[in-house]
Amino acid sequence: MTRRATARRAAPRPAARWSRRRSTSATFAAFAAVAFAAAWIGPTGAALSSANAEEVPPISLYASTLGDVQAVTVGTETATDAESPSLDRSGYTVYVTPTPTPTPTPTPTTTRSAASSSSSGSGGWVPPFVTPDPGSAQAIAYDMVIARGWGDDQFSCLVALWNKESGWRVNAYNASSGAYGIPQSLPGNKMASAGADWETNPATQITWGLGYIAGRYGTPCGAWDHSTRTGWY
């Protein structure tokens with residue numbers, strides 16, 4: 001055989017070298033793929049593991065109060081062996097300060113007015129009672145009214161009557177009629193029968209005036225009723 005023939009037979013050898021290169025490339029590609037997968041999966045798995053490890057259970061109001069719960073251990077003893085624990089509050093007492101009951105204050109009209117209201121003789125409006133100023137003409141008249149057995153209602157009528165007639169002035173004078181003094185005596189010198197000082201003494205004028213009212217109208221309220229109907233008494 002010639003050298004050319006031998007050379008022709010040896011021609012397939014490059015194909016074998018190409019096969020080895022191809023195998024090496026495939027192996028390198030597989031290794032690169034495994035390395036890429038490891039590089040991607042490794043951090044992700046570590047992050048998931050860290051997240052799972054650091055997970056904190058949620059805190060709620062109920063969970064926070066469980067630590068304050070007080071437990072009571074009850075034994076298994078029967079009622080015959082030992083008495084069951086009980087809550088007894090009989091040893092405690094509560095004191096409440098009582099509210100004081102207000103004491104009713106009696107009005108002056110309830111002292112003697114009831115006894116004399118039947119004899120007032122007035123069918124109209126009766127003025128209310130007002131306590132007179134001490135030492136005044138009305139205070140003198142009040143004592144005389146009570147001494148006659150009349151009540152506070154009669155004094156109220158007397159105050160209204162002489163307020164209308166003279167304003168309780170000892171020197172009140174009516175120039176048109178000649179009436180004078182607290183009771184407006186007509187003429188004024190009629191009051192001399194009660195005292196010589198009838199011109200200036202309110203007690204003398206009141207004494208005469210009450211006698212006149214009792215003799216003609218019975219009570220001050222009777223005189224007041226007549227005055228409200230006719231304008232005079």
Side-chain angles (χ1 to χ4, degrees), residues 94-233:
V94 178
Y95 176 76
V96 179
T97 303
T99 302
T101 304
T103 303
T105 303
T107 57
T109 55
T110 61
T111 55
R112 286 172 292 272
S113 59
S116 58
S117 59
S118 60
S119 61
S120 63
S122 175
W125 175 76
V126 177
F129 173 80
V130 178
T131 302
D133 295 332
S136 63
Q138 291 186 8
I140 296 172
Y142 180 75
D143 291 338
M144 293 183 181
V145 166
I146 299 306
R148 286 178 174 267
W150 294 332
D152 293 344
D153 58 337
Q154 298 297 330
F155 176 72
S156 299
C157 291
L158 182 67
V159 171
L161 178 65
W162 285 351
N163 274 337
K164 177 182 176 183
E165 294 291 331
S166 63
W168 287 82
R169 293 180 293 114
V170 293
N171 60 346
Y173 178 70
N174 189 331
S176 62
S177 65
Y180 181 80
I182 294 174
Q184 286 292 282
S185 171
L186 182 63
N189 58 9
K190 283 185 177 181
M191 294 185 290
S193 61
D197 55 354
W198 60 271
E199 294 180 290
T200 57
N201 192 340
T204 301
Q205 295 183 359
I206 293 169
T207 301
W208 181 89
L210 292 179
Y212 168 77
I213 289 172
R216 183 158 186 172
Y217 301 102
T219 61
C221 285
W224 167 248
D225 180 60
H226 184 275
S227 177
T228 56
R229 290 185 289 104
T230 62
W232 56 275
Y233 84 107

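Rounding to the nearest 0.5 Å gives a distance of 9.0 Å between OH of Y142 and OG of S156. Atom-to-atom distance recorded for R216:CZ and H226:NE2 is 6.5 Å, nearest 0.5 angstrom.
For R169, there are no salt bridge (charged side-chain N to carboxylate O under 4.0 Å, His left out) partners, not counting sequence neighbours. Residues that satisfy the side-chain contact (heavy atoms from CB on, under 4.5 Å) test with S227, not counting sequence neighbours, are L161, K164, E165, Y233. Scored by the side-chain contact (heavy atoms from CB on, under 4.5 Å) test, T204 finds A194, D197, W198, N201 as partners (sequence neighbours excluded).
Side-chain contact check for F155 versus P220: every heavy-atom pair is 4.5 Å or farther apart. At least one side-chain heavy atom of W150 sits less than 4.5 Å from a side-chain heavy atom of L210. Inter-residue side-chain proximity for P187 and Y180 is flagged as unmet; no heavy-atom pair is nearer than 4.5 Å. Looking at W232 and L186, their side chains never come closer than 4.5 Å, going by heavy atoms from C-beta outward.
Checking side-chain atoms of Q205 against main-chain N and O of V170 turns up a donor-acceptor pair under 3.5 Å. Distance alone, capped at 3.5 Å, places no donor-acceptor pair between the E199 side chain and the G188 backbone.
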Determine, step by step, whether N171 and T200 satisfy the side chain to side chain contact (heavy atoms under 4.5 Å, CB included) criterion, reporting the C-alpha distance in whole Å, the side-chain angles of both residues, the deciding distance to 0.1 Å, and the verdict. CA-CA 7 Å; N171 60 346; T200 57; over 6 Å; no
Start with the C-alpha gap between W168 and N163, add the side-chain angles, then the distance that decides, and say whether side chain to side chain contact (heavy atoms under 4.5 Å, CB included) holds. CA-CA 6 Å; W168 287 82; N163 274 337; 2.9 Å; yes
Derivation of the side chain to side chain contact (heavy atoms under 4.5 Å, CB included) call for L158 and V145: CA-CA 9 Å; L158 182 67; V145 166; 3.8 Å; yes
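Taking each heavy atom of G181 and M191 in turn, the nearest pair found is CA-CE, 4.3 Å.
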